[in-house]
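In what follows, residues are counted from 1 in the order of the sequence shown.
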Amino acid sequence: MLFRTVPITMTTEISTSINIKEPRWDQGTFMGRAKHFFTVTDPRNVLLTNEQLENAHKVISDYRQGVMSPGLTEDELWRAKYIFDSAFHPDTGEKMILIGRMSAQVPMNMTITGCMMTFYKTTPAVVLWQWINQSFNAIVNYTNRSGDAPLSVNQLGTAYVSATTGAVATALGLNALTKHISPLVGRLVPFAAVAAANCINIPLMRQRELKHGIPITDENDNRLGESTTAAKQAISQVVVSRILMASPGMAIPPFLMNTLEKKAFLKKFPWMSAPIQVVLVGFCLVFATPLCCALFPQKSSMSVSRLEPELQEKIRVSHPGVERVYFNKGL
């Protein structure tokens, strides 16, 4: 009789010392941040049920209190952490609006951007899609704000109206200027409008942070105060990331579509232009979204010497050994 050797697997108890407050990969390197954000922005997280989200919330909450589910593995713990992070705000702990989550960025942006770049020739279409885009951006910027202080309805309304007006005005103004220039240049107008709107929308949606500051901590997460200087750095980094995030999806497809629309296929089936453009934008965003989020560490830092003078003095008195402070820059 032939006997088959069956490998014996040993089950080891998961360590209670895993720091799930931090990402799984080294955030001091671009590759570590890229791996982290490929997980955070995974569009499949949008499909998770409330039951799955609540289960992940329970696993993480229990683990933080030293309680572990029977049979929980390290991989399952990290999976629960990323499900938790994809749906719950890091500062407030509240469940985020579905379309405002980073996992919704690719499916939402590919649809909106694809349509913006397809229907850019008429004024009603420009107004409609820029309005839809800025409405979506306003939700994303509010959902992923830094800090735990709420915005008032007036602040939200002012930011939303200002950003939408700025985007529409930019798009219409550039459209008027490019009527006598090549169609390819005209296709790049939506990108210019989006870039301009990001410079308006993000600071306005996060104006409270610029006025009152965002929470800063030491390396052990002990809160030291609120800093407007840190807020300026955080918001500047987010604006740069968002503009670069939109760049591939809004700069590459126009060149491809300019060529494709001269071919027989799209001349015969012009209605296919929008779906093709949406797919092209989606392909770009799958990579651009996590890679551009990874340009700057989520947990940003700055030297105490760069903070406001009064805050520097406060930290030197209460925490004399602290030379560097940390803060969540938002997304």
Side-chain angles (χ1 to χ4, degrees), residues 12-29 31-109 139-150 206 214-215 217 219-223 234 238 241 286 289-294 296-301 326-331:
T12 57
E13 192 172 323
I14 187 173
S15 169
T16 56
S17 62
I18 297 172
N19 184 8
I20 56 171
K21 288 184 179 179
E22 300 296 332
R24 187 172 192 176
W25 299 278
D26 179 12
Q27 296 300 283
T29 67
M31 282 305 298
R33 294 195 296 272
K35 288 178 181 178
H36 167 70
F37 280 109
F38 266 107
T39 308
V40 169
T41 61
D42 187 340
R44 292 174 297 180
N45 287 340
V46 172
L47 304 176
L48 295 172
T49 64
N50 280 329
E51 184 181 357
Q52 289 172 304
L53 296 178
E54 293 303 328
N55 182 59
H57 189 289
K58 184 177 186 306
V59 169
I60 296 304
S61 299
D62 287 350
Y63 185 82
R64 286 173 176 170
Q65 296 171 22
V67 179
M68 285 177 290
S69 305
L72 182 71
T73 67
E74 185 174 340
D75 283 341
E76 288 170 343
L77 175 66
W78 282 112
R79 174 61 181 153
K81 176 226 171 11
Y82 276 104
I83 290 176
F84 176 86
D85 286 352
S86 77
F88 297 91
H89 193 278
D91 292 328
T92 66
E94 66 185 15
K95 188 183 289 185
M96 295 184 285
I97 304 166
L98 179 62
I99 64 171
R101 300 173 194 170
M102 291 309 292
S103 51
Q105 284 286 291
V106 171
M108 290 298 296
N109 268 325
I139 293 170
V140 172
N141 294 336
Y142 175 74
T143 304
N144 294 282
R145 68 199 182 280
S146 175
D148 48 17
R206 297 175 61 174
I214 58 175
T217 67
E219 61 183 351
N220 297 316
D221 288 331
N222 297 309
R223 192 158 173 165
V238 171
S241 294
V286 164
T289 301
L291 292 177
C292 289
C293 283
F296 306 102
Q298 178 67 35
K299 187 177 182 179
S300 286
S301 67
Y326 300 85
F327 51 92
N328 169 29
K329 73 173 175 66
L331 285 172

Angle between ring planes, H57 versus F88, binned at 30° and 60°: parallel, tilted or perpendicular? perpendicular
Between CD1 on residue I214 and NZ on residue K329, distance to nearest 0.5 Å: 10.5 Å
Quick one: salt bridge (charged side-chain N to carboxylate O under 4.0 Å, His left out) partners of R64, sequence neighbours excluded? none
Would you say the side-chain atoms of S86 pair up with the backbone N or O of I83, donor to acceptor, closer than 3.5 Å? yes
CG (L53) and CG (N45) are apart, to the nearest 0.5 Å, by 8.5 Å
Can you give me the closest heavy-atom contact between V59 and A80, atom names plus distance? CG1-CB, 3.9 Å
Minimal non-hydrogen separation, T39 against K35, with atom names: OG1-O, 3.0 Å
Within the distance-only criterion (no hydrogens, no angle test), does the side chain of Q52 pair as donor or acceptor with the backbone N or O of T49 below 3.5 angstrom? yes
Considering only NZ, NE, NH1 and NH2 on the basic side and carboxylate oxygens on the acidic side, decide whether D75 and R79 come within less than 4.0 Å. no
To the closest 0.5 Å, what do you measure between CD (Q298) and CZ (F37)? 4.5 Å
OH on Y326 to CG on N220, rounded to 0.5 Å: 9.5 Å
Can you tell me how far CZ of F327 sits from OG of S300, rounded to the nearest 0.5 angstrom? 4.5 Å
Can a donor-acceptor pair be found, under 3.5 Å and without considering hydrogens, that links the side chain of D42 to the backbone of R44? yes
To the nearest 0.5 Å, atom CG of L47 lies from atom OG of S103 at 9.0 Å
Taking the side chain from S241 and the backbone from C292, do they hold a donor-acceptor pair closer than 3.5 Å? yes
Of all heavy-atom pairs linking R33 and Q27, the shortest is NH1-O, 2.9 Å
Looking at every heavy atom in both F38 and V286, which two are closest together, and how far apart are they? CE2-O, 3.7 Å
Between P215 and R223 the two heavy atoms that sit nearest each other are CG-NH2, 3.5 Å
Between K299 and E219 the two heavy atoms that sit nearest each other are NZ-O, 4.1 Å
Is it the case that atom NZ in K95 sees more than 12 heavy atoms from other parts of the structure closer than 6.0 Å? yes
